[in-house]
2 protein chains.
Amino acid sequence: MRYHKIPDETVRRLPLYLRGLLFSSQDLQENISSRKLAEVLGVNPWQIRKDFSYFGGFGTPGVGYNVEKLTKQIKKILKLDIGHRATLVGVGNLGAAILAYPGFKIYGFDIAAVFDNNSKKIGQKIGDVTIEDVAKLPMLKGRQIDLGIIAVPRGSAQEIANILVDVGIKGILNFSPCRIDVSKKVKVITIDIAMDLARLPYYMPSS
Amino acid sequence: MRYHKIPDETVRRLPLYLRGLLFSSQDLQENISSRKLAEVLGVNPWQIRKDFSYFGGFGTPGVGYNVEKLTKQIKKILKLDIGHRATLVGVGNLGAAILAYPGFKIYGFDIAAVFDNNSKKIGQKIGDVTIEDVAKLPMLKGRQIDLGIIAVPRGSAQEIANILVDVGIKGILNFSPCRIDVSKKVKVITIDIAMDLARLPYYMPSS
DNA sequence: TAATGCTAGTGTCCACGTTCACAAGTAAAG
DNA sequence: CTTTACTTGTGAACGTGGACACTAGCATTA
């Protein structure tokens, strides 16, 4: 299996596995079995083993997976072994929440630059970073930032994305509820939290 | 096709179609073709037609779909035709952002009750709602709320979920990065924004 | 050393979802 | 009325991913 194409669904699950490992490493067991990990995450053991097998198994039969080694492997596959510097554009309610969200750090992300167009906010310092004028966004080139997070209103999202691509951003996490199209070289993931809420009633009994 | 089981993936896409319709209705064209809608959303026309066909086509050949009728149909399928009242638990950075997020209203959601455990926040009014003591959460029964949004730290999420289920909540949108298990009668959708960010580098060129 | 119990890795089958091509239907123009 | 242009609805082929069973490997115990 070692030389097969990796299913997209597998890649989608890897961060979940990583989360499970990072958060349950307090138990500081040296090894963890697929059954145990599956139980923690609420998925199937064979799903986990299958997923890992695509990358060439790193477990030992009869024992399980070495937690530390497995963690490193997944991080390497996801390219999280090198740290990533991100920029956040738009410090509204959502942007501020993202900035304060502790979850990014455990994956090695660092929000190193923040932009907004509100003159009252520009210059303010939040945590370690100072909010800069969005007009200066094009000057981001050379600051070693490879990720962009868009948290601006719908109407401006595409425009911001274009600038981000221009300054060499390779990946965009978009929180605006709209499509963004950019060069195929740049990966865009859009999160629309309202859309997820919108399908919830479908699964609920009609009461 | 009318009597087939509806694929989960189709249900996942319906809110997207609805979003496209709601946001492009400014053009106030009476009808929209699958090709046009697909273009706006960045998906395939035949995918859209196939999805709609599961519910028994509501378009007319040669013309397209009547925007107003289609919108109503999708809302009905997703059970968004009746409004939903939601409660938000946890008014930290993320909770506050959710509360201020305008995207919920267009789907007919109303955040009608808000809870927190921070005594400084309790009693504060944000928009139309007043933050209540989370200790009073069990008294939510009878207030006609059927959705719960969890935005509390990891450790408390399961506990809050249990209470929500007790008071009769039928669906939960969980923003805590952990698994929540509840009665099978209750649908849980978990959003972990850090997890989505975590798979972004995988798709990026190694630079 | 032999036996037992547990766990990873993987080939195979199956179910689901996507793509596509085409028939059927509508409207507008000639 | 006929023709043309367009669009929906759907059966069928195709591809992908998930479920599972089974083999092989490791460790522990006797």
Side-chain angles (χ1 to χ4, degrees), chain A residues 1-17 20-21 24 27 29-74 77 199 202-203, chain B residues 1-17 20-21 24 29-71 73-74 77 199 202-203:
Chain A
M1 293 298 273
R2 193 177 292 242
Y3 301 110
H4 276 46
K5 184 188 159 290
I6 291 125
D8 234 41
E9 295 301 313
T10 295
V11 177
R12 177 169 276 111
R13 280 186 294 266
L14 285 179
L16 178 67
Y17 300 149
L21 289 170
S24 62
D27 308 350
Q29 302 267 17
E30 195 175 349
N31 296 301
I32 190 167
S33 68
S34 60
R35 192 167 44 81
K36 183 77 189 299
L37 183 58
E39 195 185 335
V40 172
L41 298 173
V43 297
N44 296 29
W46 48 79
Q47 179 81 80
I48 292 180
R49 293 203 298 275
K50 185 80 160 187
D51 284 339
F52 290 169
S53 79
Y54 289 116
F55 303 97
F58 18 75
T60 44
V63 179
Y65 299 91
N66 177 288
V67 174
E68 193 183 334
K69 186 181 163 194
L70 179 56
T71 304
K72 275 189 182 164
Q73 279 284 2
I74 297 180
I77 294 164
R199 70 193 162 88
Y202 176 85
Y203 298 99
Chain B
M1 293 299 274
R2 194 177 292 240
Y3 302 110
H4 277 45
K5 184 187 158 292
I6 291 123
D8 234 40
E9 294 301 311
T10 295
V11 176
R12 177 170 276 111
R13 279 187 295 266
L14 285 180
L16 178 67
Y17 300 151
L21 289 170
S24 63
Q29 302 267 12
E30 194 175 350
N31 297 300
I32 190 167
S33 69
S34 60
R35 192 165 45 79
K36 183 78 187 300
L37 183 58
E39 196 184 335
V40 172
L41 298 172
V43 298
N44 297 29
W46 48 80
Q47 179 81 80
I48 292 181
R49 293 204 299 274
K50 185 77 164 185
D51 284 338
F52 290 168
S53 79
Y54 289 116
F55 303 97
F58 17 76
T60 43
V63 178
Y65 299 91
N66 178 287
V67 174
E68 193 184 332
K69 186 181 163 195
L70 179 56
T71 304
Q73 280 282 2
I74 297 179
I77 293 164
R199 71 193 160 89
Y202 176 86
Y203 298 100

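So that the names make sense, note that chain A is the first sequence line, chain B the second, and so on, each numbered from 1.
Residues passing the salt bridge (Lys or Arg N to Asp or Glu O under 4.0 Å) test with B/Arg35: none are found, sequence neighbours excluded. In this structure, the side-chain hydrogen bond (donor to acceptor under 3.5 Å, both in side chains) partners of B/Asp8, at least two apart in sequence or on a different chain, are A/Tyr203. With sequence neighbours left out, the side-chain hydrogen bond (donor to acceptor under 3.5 Å, both in side chains) criterion links A/Thr10 to A/Asp51. With sequence neighbours excluded, no residue satisfies salt bridge (Lys or Arg N to Asp or Glu O under 4.0 Å) with B/Arg49. With sequence neighbours left out, A/Glu9 forms a side-chain hydrogen bond (donor to acceptor under 3.5 Å, both in side chains) with A/Arg12. Listed by chain and number, the residues in a ring pair (Phe, Tyr, Trp, His ring centres under 6.0 Å) with B/Phe58 are B/Phe52 (sequence neighbours excluded).
The shortest distance between the side-chain N/O atoms of A/Tyr54 and the OP1/OP2 oxygens of C/dA8 is not below 4.0 Å. B/Arg35 has a side-chain polar atom (N or O) that falls below the 4.0 Å cut-off from OP1 or OP2 of D/dT7. OP1 or OP2 of C/dG9 has at least one side-chain nitrogen or oxygen of A/Tyr65 nearer than 4.0 Å.
Contacts of B/Arg13 with the nucleic acid, taken as non-hydrogen atoms under 4.0 Å apart, involve only primed sugar atoms and P, OP1 or OP2. Residue B/Ser34 is in sugar-phosphate contact alone, with no base atom involved, counting any heavy-atom pair closer than 4.0 Å across all strands shown.
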- Message: Return a single string for nucleotides 21-30 of chain D, one symbol per nucleotide in 5' to 3' order, where B is base contact, S is sugar-phosphate-only contact and - is none, cutoff 4.0 angstrom on heavy atoms.
- Response: B---BBS---

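The closest donor-acceptor contact from the side chain of B/Thr60 to the backbone of B/Val63 lies at 3.5 Å or more, if one exists at all.
The nearest heavy atom of DNA chain D to A/Pro7 and to B/Phe58 marks one nucleotide each, and the one closer to the 5' end goes with B/Phe58.
Per the geometry, CZ belonging to B/Phe55 stands 15 Å off C1' belonging to D/dG9, to the nearest Å. Spacing between atom CG of B/Asp51 and atom C1' of C/dT19 amounts to 13 Å, rounded to whole angstrom units.
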Give every donor-acceptor pair under 3.5 Å between a side-chain atom in residues 38-46 of chain B and any protein atom, sequence neighbours left out.
none

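Taking the C1' atoms of five terminal pairs at each end of the helix from C/dT1-D/dA30 to C/dG30-D/dC1, the two resulting helix axes are inclined by 0°, rounded to 10°.
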